[in-house]
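I have placed the structure first, in the form of structure tokens, so that the comments after it can refer back to it.
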2 protein chains.
Amino acid sequence: MTRPVARPETRTDTRPVTRRQKTSADLSAQIAAAIRDAIVSGELIVDARLPSEAELSAQFGVSRPTVREALKRLAAQSLIRTQRGATGGAFVNRLSYAEAYRQQITTSTLLLSMNEVDFETACEARYTMERACAPLAATRREAEHLARMHSEIARQQEPDLTDSDFCASDVAFHRALVDAAMNPVLSYQLAGAVEAMQPLMNMITFKAPYRETLIALHMRIADAMERQDANRVVACLDDLQSETMALSRKAMAQRASLPRT
Amino acid sequence: MTRPVARPETRTDTRPVTRRQKTSADLSAQIAAAIRDAIVSGELIVDARLPSEAELSAQFGVSRPTVREALKRLAAQSLIRTQRGATGGAFVNRLSYAEAYRQQITTSTLLLSMNEVDFETACEARYTMERACAPLAATRREAEHLARMHSEIARQQEPDLTDSDFCASDVAFHRALVDAAMNPVLSYQLAGAVEAMQPLMNMITFKAPYRETLIALHMRIADAMERQDANRVVACLDDLQSETMALSRKAMAQRASLPRT
DNA sequence: AGGGTCTTAATTGTCAGACAATTAATTGTA
DNA sequence: TACAATTAATTGTCTGACAATTAAGACCCT
């Protein structure tokens with residue numbers, strides 16, 4: 001990882017340098033890739049300290065600003081953290097679930113908002129994934145998960161809750177369901193997906209009568225979870241998906257009938 | 001997004017600047033956050049051109065290297081792309097499925113490798129998610145998906161296939177299954193998860209007799225998909241999970257009995 | 001000897017100014 | 001009109017410098 005990268009024209013030495021695939025890529029990108037490779041390959045382990053910026057610039061044969069740009073790229077992906085001071089430097093970060101989770105939500109949210117994923121596709125994906133962890137969740141749920149579900153149901157019944165708050169509570173409810181599966185990988189993947197879809201969900205408004213329908217289904221889900229009745233949880237999720245899709249179709253039709261802004 | 005950011009000591013004007021949450025954060029991080037906010041909020045739409053680096057440094061009241069570090073952070077997340085030349089500059093990127101997919105795999109792979117997720121947890125998550133899309137996949141599968149599955153089965157039967165190649169083919173097979181659900185969001189979430197687990201899967205070796213067991217199950221899955229028999233696909237996936245877990249337990253036991261290196 | 005304070009060195013963060021490389025638009029010319 | 005040369009704008013990179021931060025070591029006092 002500490003070899004000089006390919007320089008297009010200024011090469012004066014004759015040592016064999018490992019040219020990166022894209023010779024046209026920025027030096028900072030090449031250096032970032034080299035360090036990233038060293039991290040993912042295990043050459044640099046967690047909490048290992050990278051050479052100082054001055055050393056890196058000497059080793060790669062580039063200036064310090066270029067090295068810094070590379071380090072900032074890695075910092076943006078949470079692969080490293082930097083610390084000032086005498087014993088400071090750049091250290092390999094342990095990628096925590098929380099951090100990965102945050103990044104995944106950011107990426108997914110952007111992806112959905114930039115690619116005009118229609119509501120039905122997102123909704124189908126969300127409930128499909130949730131149904132998948134229902135059996136595990138029903139079996140393994142603990143008192144804490146049931147408590148979270150009930151507290152969210154209570155919140156959803158507050159009459160002067162805004163639409164987006166209702167939506168957020170809905171997300172929290174379903175996140176409790178996913179967490180009940182007691183599998184961190186599932187939580188990471190599914191809860192991230194559910195949360196990323198919140199902006200889409202926010203596009204439809206939840207009027208009072210529909211809220212009651214959803215709350216009733218949430219109650220049935222909580223009950224079934226308490227009785228560890230997986231099949232019933234799945235059936236309720238099916239109903240919830242149908243209701244949500246019907247609601248969205250109604251909202252879309254209403255929006256289409258209005259004059260364009 | 002183009003207001004000067006908070007500077008700790010050099011403030012001479014009296015305009016109310018919107019101080020970022022973390023006053024201690026780097027300027028480049030603050031600027032990156034400001035631009036990122038402008039993108040996610042829709043203030044900067046896809047393919048919009050950001051002000052030039054010189055303009056940005058003037059607007060934010062920082063030097064050009066600092067602005068550049070901020071832009072590199074955003075480039076690392078594929079939020080922007082840069083172009084040299086007269087009409088060049090930084091442009092808001094459309095985050096494609098392929099790019100998001102790539103990022104998700106990188107993140108997930110790092111997460112799993114750095115946090116010692118045990119094989120059983122990863123395996124359970126993977127098959128749980130796959131079972132979820134089996135009903136949709138069985139209903140919607142097209143000739144192309146069946147063809148991909150069959151071709152991967154053929155590949156898996158090659159006798160001199162290395163373990164990691166067998167594993168890669170296994171991933172490709174399951175990816176075809178996920179894609180057959182014809183839901184890009186599902187493909188993005190699930191296929192990413194499956195692919196991220198490949199390094200973990202690679203830890204266990206697939207000896208000949210076990211390969212035959214897995215291939216037989218793959219064949220049964222392909223058949224069931226052809227007949228659009230969703231229940232049977234799910235049942236086969238159950239069996240596949242049991243087989244894989246039994247295999248991993250055997251591999252772990254064998255490894256434990258060997259002298260430590 | 002112990003403890004607190006000061007100095008010092010290492011390192012990242014930021015700046016200024018400069019030049020090279022790239023690319024599209026403009027201008028000039030046949 | 002078509003093609004070539006020039007020009008201007010912009011990013012990529014370098015050099016050198018200084019500020020801010022932090023831990024370790026030196027020093028002094030009790």
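In the text below, chain A, chain B and the rest are named by the order of the sequence lines, each starting its count at 1. This one's a predicted model, so the numbers in the text were calculated from it and none came from an experiment.
- Computed from coordinates, the B:Arg68 CZ to D:dT11 C1' distance equals 6 Å when rounded to whole Å.
- Regarding B:Arg49, its CZ atom lies at a distance of 13 Å from the C1' atom of C:dT23, rounded to whole Å.
- Shown here are the side chain to side chain donor-acceptor pair (under 3.5 Å) partners of B:Gln104, two or more places apart in sequence or in another chain: A:Gln189.
- Between the NZ atom of B:Lys72 and the C1' atom of C:dT14 there is a distance of 18 Å, rounded to whole Å.
- Taking atom CG of residue B:Asp26 and atom P of nucleotide D:dA19, one finds them 19 Å apart after rounding to whole Å.
- With respect to the salt-bridge test (charged N to carboxylate O, under 4.0 angstrom), the residues A:Arg148 and A:Glu152 do not qualify.
- Nearer the 5' end of DNA chain D, as judged by each residue's closest nucleotide, is the contact made by B:Glu55, out of A:Arg64 and B:Glu55.
- Scanning for side chain to side chain donor-acceptor pair (under 3.5 Å) contacts around B:Arg140 gives A:Glu124, with sequence neighbours left out.
- DNA chain C is contacted by B:Arg84, B:Gly85, B:Ala86, B:Thr87 of residues 80-92 of chain B, taking any non-hydrogen atom closer than 4.0 Å.
- The distance from atom CD of A:Glu53 to atom C1' of D:dG16 is 15 Å, rounded to the nearest whole Å.
- With rounding to whole Å, B:Phe60 atom CZ is found 14 Å from C:dT14 atom P.
- In the set D:dT13, C:dC15, C:dT12, D:dT13 carries the atom at the smallest distance from any side-chain atom of A:Ser63.
- Comparing C:dT14, C:dT12, D:dT13 by their closest approach to the side chain of A:Ser28 singles out D:dT13.
- Rounded to whole Å, atom C1' of C:dT11 lies 12 Å from atom CG of A:Leu56.
- As a whole-Å value, the separation of B:Gln30 CD from C:dT14 C1' is 13 Å.
- A close approach under 4.0 Å does occur between a side-chain nitrogen or oxygen of A:Thr66 and OP1 or OP2 of D:dC14.
- Counting only residues at least two apart or on different chains, the side chain to side chain donor-acceptor pair (under 3.5 Å) pairs with a member in residues 60-72 of chain B are A:Arg68-B:Glu69, A:Glu69-B:Arg68, B:Glu53-B:Arg64, B:Glu53-B:Arg68, B:Ser63-B:Thr66.
- Screening residues 79-93 of chain B for side chain to side chain donor-acceptor pair (under 3.5 Å) gives B:Asp47-B:Arg81, B:Arg81-B:Asn93 as the qualifying pairs, with residues at least two apart or on separate chains.
- Under the rule for a side chain to side chain donor-acceptor pair (under 3.5 Å), the partners of B:Ser52 that lie at least two apart in sequence or sit in another chain are B:Glu55.
- Using a 4.5 Å cut-off on side-chain heavy atoms (C-beta onward), B:Arg36 and B:Leu79 make contact.
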